[in-house]
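Throughout, a chain's letter reflects where its sequence line sits, starting with A, and its residues are numbered from 1. Reckoned from all heavy atoms, side chains included, excluding hydrogens, waters and symmetry mates.
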There are 2 protein chains.
Amino acid sequence: MTPETTRKRAPSRRSLATRARILDAAERVFADKGFAGATMRDIAAAAGTQVGLVHHHGHGKEDLFRQTIARRAEELARRRLDALAVCKAQGTPTLPAILDCFFGPYLNLAQGDAQWLAYARLVAHVSADPAWRDISEAHFDPTAQVFIAEIAALYPAAPRARIAAVFVYSVSAMLALVTSRWRIDALAQDGAAGTLDDLVAFCAAGLGASLT
Amino acid sequence: MTPETTRKRAPSRRSLATRARILDAAERVFADKGFAGATMRDIAAAAGTQVGLVHHHGHGKEDLFRQTIARRAEELARRRLDALAVCKAQGTPTLPAILDCFFGPYLNLAQGDAQWLAYARLVAHVSADPAWRDISEAHFDPTAQVFIAEIAALYPAAPRARIAAVFVYSVSAMLALVTSRWRIDALAQDGAAGTLDDLVAFCAAGLGASLT
DNA sequence: GTCTATATGTAGATAGAC
DNA sequence: GTCTATCTACATATAGAC
């Protein structure tokens with residue numbers, strides 16, 4: 001074990017906690033205000049620390065933003081791919097089952113944990129902004145390609161470009177369920193709406209009709 | 001005609017052109033960078049004028065933003081409602097026909113004119129951000145309610161909240177077609193995709209399956 | 001690692017000459 | 001209405017004491 005490794009693996013407990021608090025705060029603030037709208041001071045206040053510390057741990061605003069995305073991206077991708085693997089172990093998965101494997105981890109994590117909900121909204125920001133295209137390509141597109149390939153296997157005659165288009169429609173609906181519940185509620189006027197099952201039914205029918 | 005009215009109705013030709021240029025520039029810059037990411041200096045540069053003039057005509061950054069939305073909102077709403085009226089004149093409209101009346105004006109205007117395309121992307125920003133909830137309520141929700149009511153008439157047994165949810169999914173897919181073509185292209189790898197007909201087929205099938 | 005103080009740039013907004 | 005110059009506030013970022 002080299003000295004460098006030792007130093008990296010044994011930071012004080014306090015520093016770990018502070019760094020995590022800063023990343024949590026950044027996640028929430030970036031989710032709320034977007035990258036440009038958020039300030040390092042907002043994040044410092046949300047984390048209960050000083051601005052200098054946010055710079056120190058974040059290595060600048062943009063780097064901090066990328067860290068918040070990267071921190072959870074792998075786990076989300078793994079959960080999606082694990083769910084798909086479980087499905088496939090039971091035979092050829094149906095279209096709704098495939099969509100459920102993609103939507104389910106995202107929505108269930110967002111529903112169960114406030115910090116994951118912030119991350120889910122952050123993902124929506126990145127997905128909508130071509131300025132973060134490289135982040136989408138690095139963290140989200142590989143998993144999306146796996147699911148697109150799975151759908152393509154069910155509809156061998158459908159052109160790849162059309163599958164990609166309707167997949168993006170489906171993803172945007174998934175993101176809307178997390179980011180636009182306020183709008184759904186405003187338009188619904190009464191009663192709750194917007195569930196994973198609703199979304200899967202909507203997208204499965206749409207995809208099926210578009211690809212056959 | 002009062003003197004005040006006369007003064008308001010007879011500004012110099014130059015001032016009209018400048019004001020329009022500023023609004024056009026604001027539309028493009030806000031669409032590109034969002035509200036927080038855009039600066040008055042960006043807008044002045046895009047308009048080929050001075051920062052002071054942007055403030056003068058825009059009455060502050062937020063007011064300028066609201067003006068860019070308000071300027072075209074009425075025309076977009078009118079085109080949608082006119083299309084729906086034409087449909088209804090020919091008998092009870094089908095679900096795809098209703099969706100086409102809502103999506104068509106938005107997508108066709110965006111496709112035919114660079115300035116309308118900027119507006120379409122601006123609409124996507126507002127629709128995604130609860131901070132602009134009041135703008136959505138003032139400019140977009142009334143038209144949305146008309147179309148939701150039209151869909152509800154086709155599916156009398158479906159709960160209103162569910163119709164609102166799937167309508168928001170559909171709108172988010174429509175917005176994605178304008179804002180996320182880069183993502184569709186990246187995932188498609190080859191060939192073009194994403195047309196109004198695709199979108200209508202996708203959403204009509206999804207809505208139909210969710211509401212019966 | 002933590003915190004204070006500060007450097008440096010740039011934001012929105014305004015005043016006043018023309 | 002137009003344009004120059006400027007005010008004030010706050011942004012990111014860093015330096016240095018502890």
For a quick check, with a 4.0 angstrom heavy-atom cut-off, what is the B/S/- contact string for nucleotides 10-18 of chain C, read 5' to 3'?
-BBBB----
Taking C:dG1, D:dC3, C:dC3 as options, the one with an atom nearest any side-chain atom of B:Q50 is D:dC3
Anything under 3.5 Å between a donor and an acceptor, one on a side chain of residues 119-129 of chain A, the other on a protein residue two or more places apart or in another chain? List them.
{"from": "A:Y119", "atom 1": "OH", "to": "A:I69", "atom 2": "O", "distance (Å)": "3.0"}
{"from": "A:Y119", "atom 1": "OH", "to": "A:A73", "atom 2": "N", "distance (Å)": "3.2"}
{"from": "A:R121", "atom 1": "NH1", "to": "A:D32", "atom 2": "OD1", "distance (Å)": "3.3"}
{"from": "A:R121", "atom 1": "NH2", "to": "A:D32", "atom 2": "OD1", "distance (Å)": "2.6"}
{"from": "A:H125", "atom 1": "ND1", "to": "A:R121", "atom 2": "O", "distance (Å)": "3.3"}
{"from": "A:S127", "atom 1": "OG", "to": "A:V123", "atom 2": "O", "distance (Å)": "3.0"}
{"from": "A:D129", "atom 1": "OD1", "to": "A:A131", "atom 2": "N", "distance (Å)": "2.9"}

Could you list the residues that satisfy ring pair (Phe, Tyr, Trp, His ring centres under 6.0 Å) with A:F103, not counting sequence neighbours?
none
Length of the NE2-C1' vector between A:H57 and D:dT14, whole Å:
15 Å
Rounding to a whole Å, what distance do you find between A:L64:CG and D:dA11:P?
15 Å
Integer-rounded Å distance: C:dT2 P and A:L53 CG
5 Å
Tell me every residue that passes salt bridge (Lys or Arg N to Asp or Glu O under 4.0 Å) with B:D63, counting only those two or more places apart in sequence or in another chain.
none
Please tell me if B:T18 has a side-chain N or O lying less than 4.0 Å from either OP1 or OP2 of D:dT2.
yes
CD of A:E150 to CG of A:L84, rounded to nearest 0.5 Å, is 5.0 Å
Sequence neighbours excluded, the answer for side-chain contact (heavy atoms from CB on, under 4.5 Å) partners of A:R160 is A:Q145, A:I148, A:A149, A:A152, B:Q189, B:D190
Counterpart residues, ring pair (Phe, Tyr, Trp, His ring centres under 6.0 Å), relative to B:F167 (two or more places apart)
B:F102
